[in-house]
Every structure is written in C-alpha cells, then in structure tokens.
Amino acid sequence: MGPTGPQGPPGAGLNYKKIALQAWYEANQAGISFPVGTTPIALAFDGDSIWVANADDNTVSKLRASDGSLQGTYGAGQFPWALAFDGGNIWVSNRDDSTVRKLRASDGAPQQGPIDIGETPGGLAFDGKHIWVAGTDTDTVYRLRASDGSPQGSFPVGSFPFAVAFDGANIWVANQLSDNVSKLRASDGSLQGTFGVGNTPVALAFDGENVWVANADPIAGVYSVTKLRASDGSLQGNFPVGKTPVALAYDGANIWVANMDDGTVTKLKASDGTIQGTFETGLFPIALAFDGANVWVANSGSNDVTKK
C-alpha cells in the first residue's frame, strides 16, 4: 500500500502483498534506537514516517523513517493504544477516554473531533475505505467511514477482541478471551468464520496469503504463533517463539514477532515458519512496523524505538 492507500471498494483490484506490507520505503540504517515518549505501545508507517503512540504521555510521536529524527509530537486522547494509517491520516484509539482520533499525517493536525466509540477501544485496521476498531469491552468491532469518521456499523465477535487486520477482502479479529479469531467480510461485516488458535491471541499479521496470530498465554506459559490460510481459515502450522509474543509484522518474506518478556524479536520464514533468528531489542518490546527496508520495534519499558 503506497502513501495514497488502496483505491476502490474493499478487495477490488488490490495487490494482497502490498496490503500485507503496508508500504515500501528505501532506508539505510539499522540497529539503532531513538527516544520517544513514555510507554510507547503502538507503531504505524505512513510511507515516509514512523508514528509512535506514547500511552502514558497521551501523545503520538512522528519520526522520519530514513534517520529516526523527530518530526513532531502531537496530543492524542487518554492512553493512546493503537494506530492505523489510511493513506492520508493517522488514526489513534484511546483506551481511557473511549475515543478514536484522526490526525493529518503531514503535520499531525486534528481532522475532526474525537469520535466516541464505546468502552475501551483497542486495535485498528484500514480496509481502503473504512477504519475498523476493536471494542474490547463490548465484544464488538466498529466500522467508521475513513473520510469523515461516521459510524458504518457494529458487528459482534468473540470475547475481548484485541487486534484487527485486513486481508484485502476481510477483517480478521483476534478474540483474546475466547482463544479464536473471527473473519468478517469487510463490505458488510457478515461473519465468514470463527477459527480456533492458541491461548490468548493478541496480535495479527497478513502475509498476502495467510493470517498469522500471536498467542501469548501468561498463565499456561505457552507461547506460539499460529498460521491460518486466509481463504478458508485452515490451520497451516503452530510455531514456538519467545516469551509473551504480543506483536507481528510482515517484511515481504518473513514474519517478525515481538517477545515482550524476553526483550527480543523472532524472525520466522513466512513460507514454513522456520526461525531465521532471534534478536535483542530494548526493554519490553510491544509493537512492530515494517518500513520497506527495516523493522521498527517499540520498547515500552525503555521509552524508545529500535530500527533493525
């Protein structure tokens, strides 16, 4: 997906790999960290810059992807939790005031008043026309028209929907407390299937053909990622990773996994799930984004982001 985003109705004429990658960007540095606000917890790439949600500052930071230089810090709502890019704007879900906000990516300017979602909005995804919001405390996902934020429907899913992702035609929802994922048709929100995964699914990524799910069960201590075929939800494999996997990103060939309680990221070959490496990051890595050349990691415990 380039800086202008996919065009037309969801799923129409889209390149699924570009959707999975979000955007491509030529960059030239790796393995360095940049300070941001307090408790960085989410990342998004807009084609030029990396956006960071600083949960305990109630702000978002904008870093130039080429060199990590700070381009601005902008007010968000209370406890900003998730980010999504719609081709021109950055959307922010704010857990403590139950709102979603829309900021212009070029300069961070608010584009309209806060949108009241209901209790505790979580993950966000853009489908080419709409923003989807996980309503964690209402077991619902909400659809907003990206052009003006107007409600376009709400749809029941599993228990405590935590993360959402778009596969080119459908919205996938990770239901943390029901240990499954829901597949909704993006055009009308109709349920296309519910598929079991591991315990406590908290993150999703799409690789152009498959949906990957991070399972972070803190009680059983069983940590894995599950690979499902996007077309029918069939299981393609379960793969062990580090402790408490909480975020995923696809780089065009590999799935990256942030292992929060290990302070590492794991790189898996997307074709078969084999481990390609495990790499140290900052303290409590909790979010990932790919900029076309590098993987960015938000380290919630060290208040910085690492570019690898």
Side-chain angles (χ1 to χ4, degrees), residues 1-5 15-37 40-54 60-73 82-85 87 90 105-106 126 165 203-208 212 214 225 241-242 245-260 262-271 273-308:
M1 186 190 308
T4 59
N15 182 311
Y16 290 166
K17 179 164 280 192
K18 287 185 178 179
I19 292 166
L21 294 176
Q22 303 297 306
W24 289 101
Y25 186 86
E26 293 297 332
N28 57 16
Q29 292 181 318
I32 51 178
S33 295
F34 307 96
V36 287
I41 202 169
L43 299 173
F45 177 56
D46 72 5
D48 291 301
S49 302
I50 293 290
W51 291 75
V52 187
N54 305 304
V60 293
S61 300
K62 179 183 177 182
L63 307 180
R64 190 162 55 203
S66 60
D67 61 7
S69 62
L70 183 65
Q71 303 298 291
T73 300
L83 301 171
F85 178 57
I90 292 290
S106 60
F126 177 56
L204 299 166
F206 176 57
D207 71 7
W212 294 74
V225 294
V241 289
V246 292
L248 301 171
Y250 177 57
D251 72 3
N254 306 285
I255 294 290
W256 292 75
V257 187
N259 305 305
M260 184 176 69
D262 278 352
T264 65
V265 292
T266 301
K267 179 182 177 183
L268 305 178
K269 187 160 63 177
S271 60
T274 58
I275 292 179
Q276 305 299 292
T278 299
F279 311 97
E280 292 185 358
T281 64
L283 187 61
F284 298 131
I286 199 168
L288 298 169
F290 179 59
D291 71 7
N294 299 284
V295 171
W296 292 74
V297 187
N299 304 301
S300 61
S302 48
N303 298 329
D304 59 14
V305 294
T306 302
K307 180 181 179 182
K308 303 192 79 64

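Predicted model only: the values in this text are computed from it and were never measured. Quick note: residue numbers are just sequence positions, from 1.
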To the nearest 0.5 Å, what is the distance between CD1 on I90 and CH2 on W51? 5.5 Å
Kindly indicate, with the supporting measurements, whether the criterion side chain to side chain contact (heavy atoms under 4.5 Å, CB included) is fulfilled by I255 and V225. CA-CA 10 Å; I255 294 290; V225 294; 5.8 Å; no
Smallest separation among heavy atoms of S61 and G37, with atom names: OG-N, 4.1 Å
Could you tell me which residues satisfy side chain to side chain contact (heavy atoms under 4.5 Å, CB included) with S271, sequence neighbours excluded, listed by chain and number? K269
What's the separation between atom CG in N259 and atom OG1 in T266, rounded to the nearest 0.5 Å? 4.0 Å
Distance in Å, I32 CD1 paired with D67 CG, rounded so as to fall on 0.5 Å steps: 8.5 Å
A side-chain contact here means heavy atoms from C-beta on lying under 4.5 Å apart; do V305 and L43 qualify? yes
Name all residues meeting the ring-ring contact (aromatic ring centres under 6.0 Å, His included) criterion together with F279; count only those two or more places apart in sequence or in a different chain, and write none if there are none. W256
Whether T306 side chain and V297 backbone form a donor-acceptor pair below 3.5 Å: no
Please name the pair of heavy atoms, one in V52 and one in P40, separated by the smallest distance, quoted to 0.1 Å. CG1-CB, 3.5 Å
Measure across L83 and A42 and return the closest heavy-atom pair with its distance rounded to 0.1 Å. CD1-O, 3.6 Å
dist K62:NZ -> L70:CG (nearest 0.5 Å) comes out at 10.5 Å
Heavy atoms only: give me the nearest W296-A65 pair and the separation to one decimal. CZ2-O, 3.5 Å
Any donor-acceptor pair under 3.5 Å from N299 side chain to G301 backbone: no
Roughly how far, to the nearest 0.5 Å, is the CG atom of D48 from the CG atom of L63? 13.0 Å
Kindly say whether F284 contributes a backbone atom to a donor-acceptor pair with the side chain of S300 at under 3.5 angstrom? yes
If we ignore hydrogens and angles and just use 3.5 Å, is the side chain of T281 paired with the main-chain N or O of G263 as donor and acceptor? yes
Exercise: identify the closest heavy-atom pair between A205 and A249: CB-N, 4.4 Å
Quick one: CG on D251 to NZ on K308, what's the gap to the nearest 0.5 Å? 13.5 Å
In terms of heavy-atom contacts, D262 and G242 come closest through OD2-CA, 3.3 Å
Applying side-chain hydrogen bond (donor to acceptor under 3.5 Å, both in side chains) to N303 and not counting sequence neighbours gives none
In this structure, are over 12 heavy atoms from other groups packed under 6.0 Å from E280 atom CD? no
Validation row: I50, F34 side chains within 4.5 angstrom (heavy atoms): no
